[in-house]
Amino acid sequence: MRFSKLFIPTLKEEPAEAEIISHKLLFRAGMVRKVASGVYSFLPLGFKVLKKIERIIREEMDAIGAQEILMPALQPSEIWVESGRWSEYGPEMWRVKDRNDRDFCLGPTHEELVTSLVMGEVRSYRQLPQTFYQIQMKFRDEIRPRFGLMRAREFLMKDAYSFNADLEDLERSYTDMDRAYTRIFQRCGFNFRSVEAASGLIGGKVSREFMILAESGEDTVFYCDSCDYAASADVATTRLIEPPKEAARPTIKVSTPGKKSVTEVSAFLGVPQEKLVKTLVYRFEDSIAAVLMRGGREVNESKLSAILGTTRFHLLGEGEFREVDLVPGYVGPVGLREGVRLIADDEVALLTNFVVGANEEDAHLKDVNIGVDFQVEEWGDLKLAEEGEPCPQCAGGKLLSAKSIEAGHIFQLGTRYSEAMGASFVAENGERKPYIMGCYGIGVSRMVAAAIEQYHDDAGILWPVSIAPFEIEIVPLKWDDGAIRKTAEELYEGLLAKGIEALLDDRSESPGKKFADADLIGIPVQIIIGPRSIVSGNAEIKVRSTAERSEAPIADAVDESVRILKNLFRAIAGE
RNA sequence: CGGGAUGUAGCGCAGCUUGGUCAGCGCGCCUGCUUUGGGAGCAGGAGGCCGGCGGUUCAAAUCCGCCCAUCCCGACCA
């Protein structure tokens with residue numbers, strides 16, 4: 001492709017709006033333009049990257065036998081009412097009406113649609129398993145779109161759905177996907193980690209996220225420094241250290257005037273934080289839940305959400321305590337009023353003779369014990385993991401954390417949708433059974449931004465070869481010079497003949513402008529032809545990512561640059 | 001939703017406090033000449049309902065009100 005024939009509106013100055021580096025560079029390199037908050041157009045260069053990523057995804061999906069289809073973005077409300085998500089999904093769902101006032105939405109995801117498609121067609125276990133995928137725009141009216149393509153309201157997603165006859169079959173589809181995803185992220189050149197994840201609203205139990213490591217990431221992952229344990233912050237846990245057991249002492253009430261927080265009470269009573277149990281009160285729907293947590297620990301609200309079965313809950317505000325007849329700062333499990341759902345973090349089970357709120361103003365209870373002073377019906381892991389804590393999987397390992405960008409997520413869904421929608425098949429024994437489903441997503445447009453977050457320098461983008469918009473760029477420094485032009489044209493033809501995706505900067509711009517643009521758009525290999533080259537007979541080859549420069553006789557420049565390019569591909573493949 | 005900020009030429013900004021030759025600068029764009037190894041120089045030029053609506057005033061980019069858009073922060077850890 002010739003630069004002059006491509007619309008690449010590069011900018012010298014960065015847009016005031018952009019906050020993170022990928023957003024700035026996508027804009028400056030002329031790859032995207034904003035249409036509205038969280039809504040973007042892809043320009044030719046940006047679209048090429050998108051297509052390169054899509055191609056890798058298609059190859060890996062096809063390789064595991066997933067079949068590409070295309071479902072509509074526009075979906076009728078009926079199927080969402082059937083699954084129960086028309087009301088569950090909330091304002092994030094983009095709802096629209098047709099001229100006859102019928103409700104539709106712009107699909108935020110496609111479980112309902114694909115289930116309704118399959119249930120009409122796939123009737124027998126003989127037709128299973130089936131896995132479908134599509135690459136399509138998704139619509140989510142995010143609370144706060146931000147960071148350009150990173151959190152957009154309209155974005156490109158690859159979503160896949162497997163329909164399986166039983167759990168073992170689902171396991172196979174899921175494992176295939178897991179491997180395909182790993183290959184996709186490897187081939188795109190990402191530094192990523194696959195981690196245990198929470199399932200959230202979508203349902204199901206087993207799920208893994210594919211996290212691209214980047215400082216600007218909105219998510220946190222924890223991983224072990226000595227084994228392969230890795231989990232998103234939503235589900236990460238830690239090995240509990242059991243404190244020495246003490247014989248239960250009789251409870252005594254102590255006066256703690258004005259001392260409410262764990263640190264205050266701990267200091268005031270001279271009791272270590274680890275011997276305090278705090279009682280956090282949440283309101284959800286029309287109920288109240290109290291969470292018992294060891295002092296010094298934080299509640300992981302994702303874990304709580306999974307237990308409560310809703311994301312709509314909040315910690316009680318100062319004013320709300322009176323309404324529900326509780327004493328702020330002094331709530332405790334002993335003598336807790338009726339009607340409060342008590343959930344304890346499993347670490348609390350290890351404690352003896354601890355301190356809790358007394359459910360009255362300015363007082364705490366000391367030497368409290370479970371089973372003696374109160375009972376707990378509901379236990380769970382509700383802790384927020386922290387860096388440096390012991391690994392839950394191996395002995396001696398420590399948890400490290402990193403910021404990351406969620407780029408892929410795979411779920412074993414089970415029958416959440418098939419049951420709700422009455423989608424079933426006839427099994428081998430003649431019984432009707434709901435499909436066992438899995439769903440598998442990749443944020444394709446987000447990957448474009450994530451790649452830049454991971455690969456850039458002060459001058460611009462450093463595309464991994466596999467997803468770069470072009471593979472080799474020829475930079476003739478003086479286009480109006482006949483010898484330079486002729487040389488550049490010959491190199492260009494030579495590269496094209498070898499099937500290389502080559503970009504020829506055939507503009508009559510100054511050398512400075514051409515260098516700057518080439519570095520900005522980040523094509524992995526540059527061949528520079530200037531007056532010097534004509535004198536010396538050597539072309540200069542520069543690797544964008546490492547800034548390594550080498551010289552090659554012009555006659556060999558095609559072969560040499562292709563050799564360098566192949567090496568870059570091999571580096572990504574880990575060879 | 002709550003809080004903060006911004007909106008002036010395609011992009012980046014100044015001007016607003018102290019209403020009145022304040023419609024300005026840089027980049028980009030157009031024309032011509034000269035240039036060409038890290039965003040060239042000179043000369044000339046085009047381009048703006050100063051986010052929208054309403055108000056105050058003899059007079060509004062500037063003061064007031066409402067609205068819209070965009071960006072940032074936050075979701076209360078007893």
Can you spot which of A/Leu149, A/Leu156, A/Val32, A/Leu45 makes a side-chain contact (heavy atoms from CB on, under 4.5 Å) with A/Leu50? A/Leu156
Separation of the [atom1] atoms in [N] and [M], to the nearest angstrom:
| N | M | atom1 | value |
| --- | --- | --- | --- |
| B/U17 | B/C27 | C1' | 29 Å |
| B/U8 | B/C16 | C1' | 11 Å |
| B/G15 | B/U6 | P | 12 Å |
| B/A46 | B/G32 | C1' | 15 Å |
| B/C42 | B/G52 | C1' | 43 Å |
| B/C1 | B/A59 | C1' | 42 Å |
| B/G10 | B/C30 | C1' | 14 Å |
| B/A9 | B/A23 | C1' | 10 Å |

Could you tell me the separation between the [atom1] atom of [X] and the [atom2] atom of [N], rounded to a whole number of Å?
| X | N | atom1 | atom2 | value |
| --- | --- | --- | --- | --- |
| A/Lys514 | B/G38 | NZ | P | 14 Å |
| A/Phe7 | B/G28 | CZ | P | 16 Å |
| A/Glu19 | B/C73 | CD | P | 7 Å |
| A/Tyr282 | B/A75 | OH | P | 13 Å |
| A/Lys478 | B/U35 | NZ | P | 9 Å |
| A/Ile20 | B/C71 | CD1 | C1' | 13 Å |
| A/Ile143 | B/G2 | CD1 | P | 13 Å |
| A/Arg549 | B/G38 | CZ | P | 11 Å |

Looking at [N], does its base get a donor-acceptor pair with the side chain of [X] below 3.5 Å?
| X | N | result |
| --- | --- | --- |
| A/Glu13 | B/G28 | no |
| A/Glu540 | B/G37 | yes |
| A/Arg28 | B/G39 | yes |
| A/Glu301 | B/C77 | yes |

Contact class for [X] (heavy atom, under 4.0 Å): base, sugar-phosphate, or nothing?
| X | value |
| --- | --- |
| A/Glu264 | nothing |
| A/Thr263 | nothing |
| A/Ser510 | base |
| A/Asp481 | nothing |
| A/Pro9 | nothing |
| A/Ser508 | nothing |
| A/Val262 | sugar-phosphate |

Side chain of [X], heavy atoms from C-beta onward: which of [options] has the nearest atom to it?
| X | options | answer |
| --- | --- | --- |
| A/Phe515 | B/C77, B/C71, B/G37 | B/G37 |
| A/Lys12 | B/G39, B/C71, B/G37 | B/G39 |
| A/Glu298 | B/G37, B/C77, B/G39 | B/C77 |
| A/Ala516 | B/G39, B/G37, B/C77 | B/G39 |
| A/Arg532 | B/C72, B/G39, B/G37 | B/G37 |
| A/Leu477 | B/G37, B/C77, B/G39 | B/G37 |

Would you kindly check if the NZ (Lys) or CZ (Arg) of A/Arg33 is within the cone defined by 45 degrees around the ring axis of A/Phe27 and under 6.0 Å from the six-membered ring centre? yes
Restricting to non-hydrogen atoms, name the atom on A/Phe470 and the atom on A/Pro524 that form the minimum distance, rounded to 0.1 Å. O-CD, 3.3 Å
Shortest non-hydrogen separation from A/Leu25 to A/Ile452 and the atoms involved: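 Closest approach of A/Leu25 to A/Ile452: CD1-CG2, 3.8 Å.
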Does a side-chain N or O from [X] land closer than 4.0 Å to OP1 or OP2 of [N], or not?
| X | N | answer |
| --- | --- | --- |
| A/Ser261 | B/C77 | no |
| A/Arg146 | B/C73 | yes |
| A/Arg144 | B/C72 | yes |

Using the side chain to side chain donor-acceptor pair (under 3.5 Å) criterion, which residues pair with A/Gln526? Sequence neighbours excluded.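 A/Gln526: side chain to side chain donor-acceptor pair (under 3.5 Å) contacts with A/Asp519.
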Check ion pair [X]-[Y] (N to O, under 4.0 angstrom):
| X | Y | result |
| --- | --- | --- |
| A/Asp346 | A/Lys383 | yes |
| A/Asp381 | A/Lys303 | yes |
| A/Glu17 | A/Lys34 | yes |
| A/Arg485 | A/Glu489 | no |

Is a side-chain N or O of A/Glu540 found less than 3.5 angstrom from the main chain of A/Ile528, in a donor-acceptor match? no
Could you say whether A/Lys278 or A/Glu14 is positioned toward the 5' end of RNA chain B, judged by the nucleotide with the nearest heavy atom to each? A/Glu14
Relative to the 5' end of RNA chain B, which residue comes earlier, A/Ala16 or A/Leu11, by the nucleotide with the nearest heavy atom? A/Ala16
Which helical stems does RNA chain B take part in, if a stem means at least 3 consecutive Watson-Crick or G-U pairs with both distances below 3.5 Å? B:1-7 with B:68-74, B:10-13 with B:24-27, B:29-34 with B:40-45, B:51-55 with B:63-67
Which residues pass the side-chain contact (heavy atoms from CB on, under 4.5 Å) test with A/Arg151, not counting sequence neighbours? A/Glu142, A/Arg146, A/Glu218, A/Arg446
